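Take a look at the structure set out below.
Proteins get letters first, then strands, A, B, ... in listed order; numbering begins at 1 in each. For clarity, every value in this text was computed on a predicted model and none was experimentally measured.
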Amino acid sequence: MKIVTWNINSLRLRMPLLKGFVYEYQPDIIALQETKVADPLFPLGDCIGLGYRYVRFSGEKSYNGVAILSKYPIEESFCLEFYNHDKRHIAARIAGIELHNFYVPAGGDEPDEAINPKFKHKLSYLDLMNEWFLKNRNKNQNIVLVGDLNIAPLEHDVWSSKQLRNIVSHTDIERTRLNRNMNEFGFIDAPRLIFPETEKLYSWWSYRNLNWEKSDRGRRLDHIWVTPNLVTKPISSSIAKEMRKLKGPSDHVPVLVNIP
DNA sequence: ATGGTTGGCGCCCAA
């Protein structure tokens, strides 16, 4: 089962890029974030045309929005709302796997809960995610959690851990909380089974750096976590960095995992 | 220390 997560930053604008990506990679399941489209305007026909007959989405005008596109039947789906009514989560059960697709709040610029409500909400969102999984699921189930988690937890998930230590996405408080969410439940960071922790690994490069490829100041904000059952056989994983080089790219690139 | 770009909407906000 080939699964991909991608913060596409406007699905309607980047439908041609999605089409090219599908042609190249043929994933079975696609989890998208920042679709930025209200449900009545969702391009369902285009998704079906790409070969994804089973589609679920939860969107809103202008902001946020998530979707799951599947080649295999979706047996059940649901959305969790941890933060206002933002459309930041959708889950679907497909072929015996429960897939959770999250778009965690970015958290604003100032990494201080006392003065930045966005940062406070980001941390609260992570707490509520953790509580939901501990209360409602266990690690012996077949669960895949993907999405733009807006945190680069490891030293080599950013270009300079030292220079980013006070930058939202790589502060100690965020890194600790994301690691707690992963470890308390028993999720495994799937791409890091393939790419060692000593190696730089990114899924996002800022639009603001036009020289992004040369300077390579990236961050790994997009994640795929799996329960132990799903890695009893060797998995593979990759990051489609070339998608960042195309004309009119998202600032995030697709992260893939193949579960045998 | 600062600013840089993008998308969606509508003259600015979030990322």
Side-chain angles (χ1 to χ4, degrees), chain A residues 5-21 31-43 46 57-67 81-89 101-113 115-126 146-153 157-160 162-171 173-175 178 202-223 240-255:
Chain A
T5 178
W6 189 14
N7 179 324
I8 198 167
N9 188 15
S10 176
L11 174 57
R12 287 174 294 176
L13 185 69
R14 273 181 257 285
M15 187 57 77
L17 266 65
L18 180 63
K19 188 176 181 179
F21 176 79
L32 300 171
Q33 306 87 38
E34 282 207 87
T35 53
K36 293 186 175 178
V37 57
D39 291 347
L41 298 173
F42 189 90
D46 290 339
F57 44 87
S58 176
E60 60 193 277
K61 188 178 177 180
S62 305
Y63 304 109
N64 309 318
V66 287
E81 287 188 4
F82 294 142
Y83 171 53
N84 300 335
H85 295 289
D86 287 2
K87 306 306 184 192
R88 296 181 177 276
H89 170 269
N101 178 15
F102 281 100
Y103 175 48
V104 171
D109 290 329
E110 190 60 56
D112 182 345
E113 285 189 83
I115 61 171
N116 175 9
K118 291 181 192 172
F119 193 69
K120 183 182 168 74
H121 286 139
K122 181 179 195 174
L123 299 178
S124 302
Y125 193 94
L126 293 163
V146 307
D148 177 2
L149 305 185
N150 264 315
I151 297 171
D157 289 340
V158 294
W159 61 277
S160 167
K162 192 175 174 181
Q163 286 185 251
L164 291 181
R165 76 180 197 281
N166 292 318
I167 301 297
V168 171
S169 73
H170 193 65
T171 60
I173 188 167
E174 292 166 276
R175 297 169 68 186
L178 196 71
Y202 313 136
S203 65
W204 173 89
W205 293 262
S206 174
Y207 283 131
R208 294 178 191 177
N209 185 356
L210 291 173
N211 211 12
W212 70 274
E213 192 177 1
K214 188 159 189 290
S215 58
D216 200 25
R217 294 183 170 190
R219 304 179 201 172
R220 187 170 71 112
L221 304 178
D222 303 277
H223 298 273
K241 185 178 179 180
E242 76 281 4
M243 295 299 294
R244 186 68 176 76
K245 301 176 188 178
L246 301 179
K247 194 178 174 192
S250 170
D251 45 353
H252 297 253
V253 299
V255 179

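Atom-to-atom, OH of A:Tyr207 to P of B:dC13 comes out at 20 Å; the value is rounded to the nearest Å. Protein atom CZ of A:Arg244 is 9 Å distant from nucleotide atom P of B:dT6, rounded to whole Å. For the pair A:His121 NE2 and B:dA15 P, the interatomic distance rounds to 12 Å; values are reported in whole Å. A:Asn150 has its CG atom 8 Å from the C1' atom of B:dA15, to the nearest Å. Distance CZ (A:Phe119) to P (B:dA15): 14 Å, rounded to an integer number of Å. Look at NE2 on A:His252: it is 13 Å from P on B:dG7, rounded to the nearest Å. Between A:Leu11 atom CG and B:dG7 atom C1' there is a gap of 13 Å when expressed in whole angstrom units. One interatomic measurement links the two molecules: CG of A:Asp109 to P of B:dA14, which rounds to 11 Å at whole-angstrom precision.
Considering only the side chain of A:Arg208, B:dT5 comes nearest among B:dC13, B:dT5, B:dC9. Side chain of A:Lys118, nearest nucleotide from B:dA14, B:dT5, B:dG7: B:dA14. Of the candidate nucleotides B:dG7, B:dG10, B:dA15, B:dA15 has the atom lying nearest to any side-chain atom of A:Arg88. Closest approach to the A:Lys61 side chain among B:dG7, B:dA15, B:dC9 is made by B:dC9 (side chain taken as heavy atoms from C-beta onward).
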**side chain to side chain contact (heavy atoms under 4.5 Å, CB included) between A:Lys87 and A:Glu81, worked out** = CA-CA 7 Å; A:Lys87 306 306 184 192; A:Glu81 287 188 4; 2.8 Å; yes
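Taking the six-membered ring where the residue is Trp, A:Phe82 and A:Tyr125 present perpendicular rings, their angle passing 60° and hence far from 30°.
For the residue pair A:Asn7 and A:Glu34, the shortest heavy atom distance occurs at ND2-OE2, 3.0 Å.
At the heavy-atom level, A:Asn9 lies under 4.0 Å from the strands shown only through sugar-phosphate atoms. Using a 4.0 Å heavy-atom distance criterion, A:Arg14 is classed as a sugar-phosphate-only contact.
If you take atom P in B:dC9 and the same atom in B:dA14, they sit 15 Å apart, rounded to whole Å. B:dA1 and B:dC12 have their P atoms separated by 29 Å, given to the nearest Å. Straight-line distance between the P atoms of B:dT2 and B:dT6: roughly 23 Å, to the nearest whole Å.
Results of the side-chain contact (heavy atoms from CB on, under 4.5 Å) test with A:Thr35 over A:Leu41, A:Val66, A:Leu11, A:Asn64 single out A:Leu11 as the only residue that passes.
There is no side-chain donor-acceptor pair under 3.5 Å between A:Glu174 and A:Ser169.
Of the residues near DNA chain B, A:Pro249 and A:Asn7, the one whose nearest nucleotide (by heavy atom distance) lies more toward the 5' end is A:Pro249.
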